[in-house]
Amino acid sequence: MHFLRPELLLLLWLPPLWAAAALALRRRRASRLAALGPKAAAAASSGGRFAAQLALFTAGLLLAVVALARPWWGEREETVETASRSVLVLLDVSRSMLAADVRPSRLGRAKADLADLAAGLRGDRAALVAFRAGTATLCPFTADTGFFLEAVEGASVDSAPRGETDLGGALAEGRRMLQGFAAGHRAIVLVSDGEDLTGRAVEEAKACGADGIPVFCVGVGGTRGADVPADDAGTPLQHRGEKVVTKLESETLVAIASASGGVYLPLASTSGGATLGTIYRDHVRRVVREETRASAETRRIERYGLFLAPALALLLLAVCLSRGRPRALRRAAAALLLLLALPAAAEDANRGTRETRESETPSGSLRSPAPPAGEPEDAPMFDEVAAETNAPPESVLPQSPRGVAECRALAREAQRAWRGADPATALARYREALAAPDAGADAELESRIRFNAALAALGAGENAAAAD
């Protein structure tokens, strides 16, 4: 027998110590009762129930400690399925990114929000490339968010070759790095203030779009203009005796996003605005995950269930032996024993030694269509899964744009139909909600409606449509 947490076995001395203390207190109490007379002395000496209860508690605690140490023996091979996207982050580290029109600076804000993006990767591969006149790979493609964050933390204006900012060169390098990954499962996140001094960014963006690589442009900075610091002291950079002023060139970023099939999103300068994490969840995650790949892994077989189940049983039996407990409490304890002990013993604790991954829903599985209880009338019945769900085909949900206000009104009608046990009508209203002007203006609302429509399709018996 082996243990994954052997240090916890040091706690095995606590149950015997607790039992010894309980016995000492019992004897002290018995000696005091004996002074009250022979009847009290006889009552104090009859400790059969106490002894049984103490033994059950001590044994249960010992078994629980062993279970906490996660015992294991034996190994087995399991087929592990993985799926991920490949996301390349291009980070502008030119000197204009040191402007302080966004606090603490454009580059500082971008680095802080990249940590938020890393938290939402959830198994996706990510790489980080810094660029100015040239590019420098700070982090190759990896699913290790810790390594990615270390690379982000170390990014500075000295991380890439000096010279005129070349957005086109950065996009060309990103397209080259993504050539080895399957088409349709990759994307570029360009974080920049939009200053392009070479003028070939749009041309490279069209090449990315032709290769099926959307570029999601994240604009950092203000439109009023700010001084470019020349040194760490914040001295303004000057050219021919005049201060160099920089501002967010959103037109360039919009053109890049449009040419590649991506989206332009300004990174808000206030804490309440959009962050790279929300941008990733709402937009980049719509890129299809790479098809599931299976690989064999050898895993240790944990056996803590063999100790946890009897530990629960012994502790519950000890509770049933307590004096003065109502009969109903003992019956409830017995029922709880059956509910907890039997499934725990049957499970056999077949978990591996790796950290628990986020559970991915298989492509053919569906959630229960039942709406949450206690939901307000105007609140959509959805959860964050909608942000990860790919857009269904036109056979399920029309792709034509719709008005936000009309979408909300139709969504509320659909919810009333759903609560009225009429999923077909609910599905029809959701389809209409995605069919009137400017629906895509509110990406979060659109994601919610699409997810709800899938549930309504399932309830209406359109299983293939719901699965899509």
Side-chain angles (χ1 to χ4, degrees), residues 116 120 214 216 218-219 254 257-258 261-288 361 366-463 465-468:
D116 188 28
F216 296 89
V218 180
V254 169
S258 177
V263 178
Y264 167 69
L265 298 150
L267 190 63
S269 59
T270 59
S271 59
T275 66
L276 276 173
T278 59
I279 290 169
Y280 186 82
R281 289 188 291 270
D282 293 343
H283 297 277
V284 183
R285 278 204 163 187
R286 294 191 178 185
V287 176
V288 182
T361 305
L366 293 171
R367 291 173 170 257
S368 168
E375 195 171 297
E377 181 63 21
D378 59 345
M381 48 176 190
F382 71 101
D383 55 24
E384 286 297 328
V385 176
E388 302 180 43
T389 308
N390 298 324
E394 293 188 3
S395 60
V396 185
L397 300 172
Q399 298 298 318
S400 56
R402 275 228 151 223
V404 174
E406 187 177 357
C407 280
R408 293 185 184 276
L410 288 169
R412 283 192 285 269
E413 291 181 19
Q415 288 168 330
R416 285 191 287 271
W418 176 269
R419 295 190 180 97
D422 188 358
T425 301
L427 177 59
R429 295 292 86 79
Y430 282 130
R431 282 171 167 164
E432 291 177 12
L434 290 164
D438 300 331
D442 191 333
E444 182 179 3
L445 175 63
E446 183 184 5
S447 295
R448 294 174 179 179
I449 294 176
R450 290 186 183 279
F451 180 66
N452 293 348
L455 296 181
L458 178 61
E462 298 185 24
N463 295 341
D468 290 336

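- Closest of all the heavy-atom pairs between Ala456 and Tyr430 is CB-CD1, 4.2 Å.
- Nearest approach of Pro214 to Gly261, heavy atoms of both residues: CB-O, 3.9 Å.
- With rounding to the nearest 0.5 angstrom, the CD1 atom of Ile449 is 8.0 Å from the CZ atom of Arg408.
- Under the side-chain contact (heavy atoms from CB on, under 4.5 Å) criterion, Thr425 pairs with Ala417, Asp422, Arg429, sequence neighbours left out.
- The residues Glu413 and Arg431 are annotated as not salt-bridged, no charged nitrogen and carboxylate oxygen being separated by less than 4.0 angstrom.
- Of all heavy-atom pairs between Cys407 and Ala433, the closest is SG-O, 2.5 Å.
- The line from CG of Leu410 to CD of Gln415 is 11.0 Å long, rounded to the nearest 0.5 Å.
- Residues forming a side-chain contact (heavy atoms from CB on, under 4.5 Å) with Ala428 (at least two apart in sequence, or on another chain): none.
- Separating the CG atom in Leu427 from the CG atom in Leu455 is a distance of 10.5 Å, to the nearest 0.5 Å.
- Closest non-hydrogen pair, Trp418 versus Pro423, comes out as CZ3-CB, 4.1 Å.
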